[in-house]
2 protein chains.
Amino acid sequence: MNPDKRRRLEARGWKFMTVKEFLGLTDEEAAYVELRLKLADGLWARRTARGISQTALAKTIESSQSRVAKMEAGDPSVSLDLLVRSLLALGTSNRELARIITAR
Amino acid sequence: MNPDKRRRLEARGWKFMTVKEFLGLTDEEAAYVELRLKLADGLWARRTARGISQTALAKTIESSQSRVAKMEAGDPSVSLDLLVRSLLALGTSNRELARIITAR
DNA sequence: TGCCTATATGTCAGCCCTGACATAGACTCG
DNA sequence: CGAGTCTATGTCAGGGCTGACATATAGGCA
């Protein structure tokens with residue numbers, strides 16, 4: 001958000017919080033959610049870099065296009081398991097996986 | 001295995017294979033299994049380093065002692081999700097998580 | 001010896017995640 | 001315009017993972 005706009009809104013009594021604060025997450029929960037989002041972004045990056053469609057990826061991991069879309073969207077209904085297995089199916093090495101996790 | 005013993009056994013017609021070969025796993029599946037084992041080992045290492053029991057850890061993650069034992073044993077009935085969440089509950093940072101993953 | 005703690009292993013009802021399907025929007029190309 | 005592709009989103013029955021429980025083994029201590 002624009003700093004000026006934020007200042008003006010705060011002057012009028014608005015409060016700003018992080019997603020973590022808003023949802024009342026513990027540190028571990030926040031770290032978990034963050035991790036999922038990083039993997040989701042990493043999956044999208046890897047897939048598009050390879051130039052393959054969600055449907056094509058879905059076939060290689062024996063899933064469906066809709067589930068791939070949910071994965072990349074960070075949908076809560078998708079497990080870490082499936083995210084990681086999808087990344088591995090795209091040929092992601094342990095080192096690359098580690099880089100995705102530590103990305104900021 | 002002792003190289004001499006192996007040579008003697010091979011001379012008698014025994015064949016040796018990796019777990020991956022034996023189970024007929026694809027590269028991705030093998031990587032997935034390996035990853036789980038690394039996380040399992042990492043969990044055990046972190047827990048014992050903190051000097052807490054499986055029961056104590058189970059309480060903090062709202063699970064049970066038996067499930068923690070299965071986790072550390074690399075039991076197939078345990079999801080990556082639970083493994084990672086347990087590690088995070090032990091205060092494992094992203095960087096440490098990455099180190100566990102890339103450990104050999 | 002008996003008691004306590006820690007860990008391993010098996011089982012199971014119930015819930016969460018699964019793939020599949022339907023549908024809609026955005027975009028490209030005839 | 002219409003047809004095709006790609007992606008997003010909602011729904012659902014069924015299967016996999018869950019916590020809980022029971023039980024066994026091992027080690028420490030009195």
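Since the model is a prediction, treat every value here as computed from it, not as a measurement. Here is how names work: the chains are called A, B, and so on, in the same order as the sequence lines, proteins then strands, and each is numbered from 1.
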Treating [X] as the side-chain partner and [Y] as the backbone partner, does any N or O pair qualify as donor plus acceptor under 3.5 Å?
{"X": "A/Asp81", "Y": "B/Asp81", "answer": "yes"}
{"X": "A/Arg47", "Y": "A/Ile52", "answer": "yes"}
{"X": "A/Lys38", "Y": "A/Ile101", "answer": "yes"}

Nearest-angstrom distance from the residue atom [atom1] of [X] to [atom2] of [N]:
{"X": "B/Asp81", "N": "C/dC16", "atom1": "CG", "atom2": "C1'", "result": "10 Å"}
{"X": "B/Leu57", "N": "C/dT7", "atom1": "CG", "atom2": "P", "result": "10 Å"}
{"X": "A/Gln54", "N": "D/dT5", "atom1": "CD", "atom2": "P", "result": "15 Å"}
{"X": "A/Arg50", "N": "D/dC6", "atom1": "CZ", "atom2": "P", "result": "18 Å"}
{"X": "A/Lys59", "N": "C/dC21", "atom1": "NZ", "atom2": "P", "result": "12 Å"}
{"X": "B/Leu80", "N": "D/dG16", "atom1": "CG", "atom2": "C1'", "result": "14 Å"}

Look up atom OG1 in A/Thr48 and atom CD in A/Glu72, then write down how far apart they are to the nearest 0.5 Å.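 Output value for this atom pair is 7.5 Å.
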Identify, residue by residue, the members of residues 63-75 of chain A with a heavy atom below 4.0 Å from DNA chain D, and return them in order of residue number, or none.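 Result for residues 63-75 of chain A: A/Gln65, A/Ser66, A/Ala69, A/Lys70, sorted by number.
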Among D/dT7, C/dG19, C/dT7, which nucleotide sits nearest the side chain of A/Leu82? C/dG19
Pairing of A/Glu96 and A/Arg46 as salt bridge, 4.0 angstrom limit: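 Result for this pair is yes, salt bridge flagged.
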Considering heavy-atom distances to DNA chain C, does B/Ser53 or A/Ser79 have its closest nucleotide positioned more toward the 5' end? B/Ser53
Which heavy atom in A/Leu80 sits nearest to a heavy atom in A/Arg36, and how many Å separate them?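 Taking A/Leu80 first and A/Arg36 second, the nearest heavy atoms are N-NH1, 4.1 Å.
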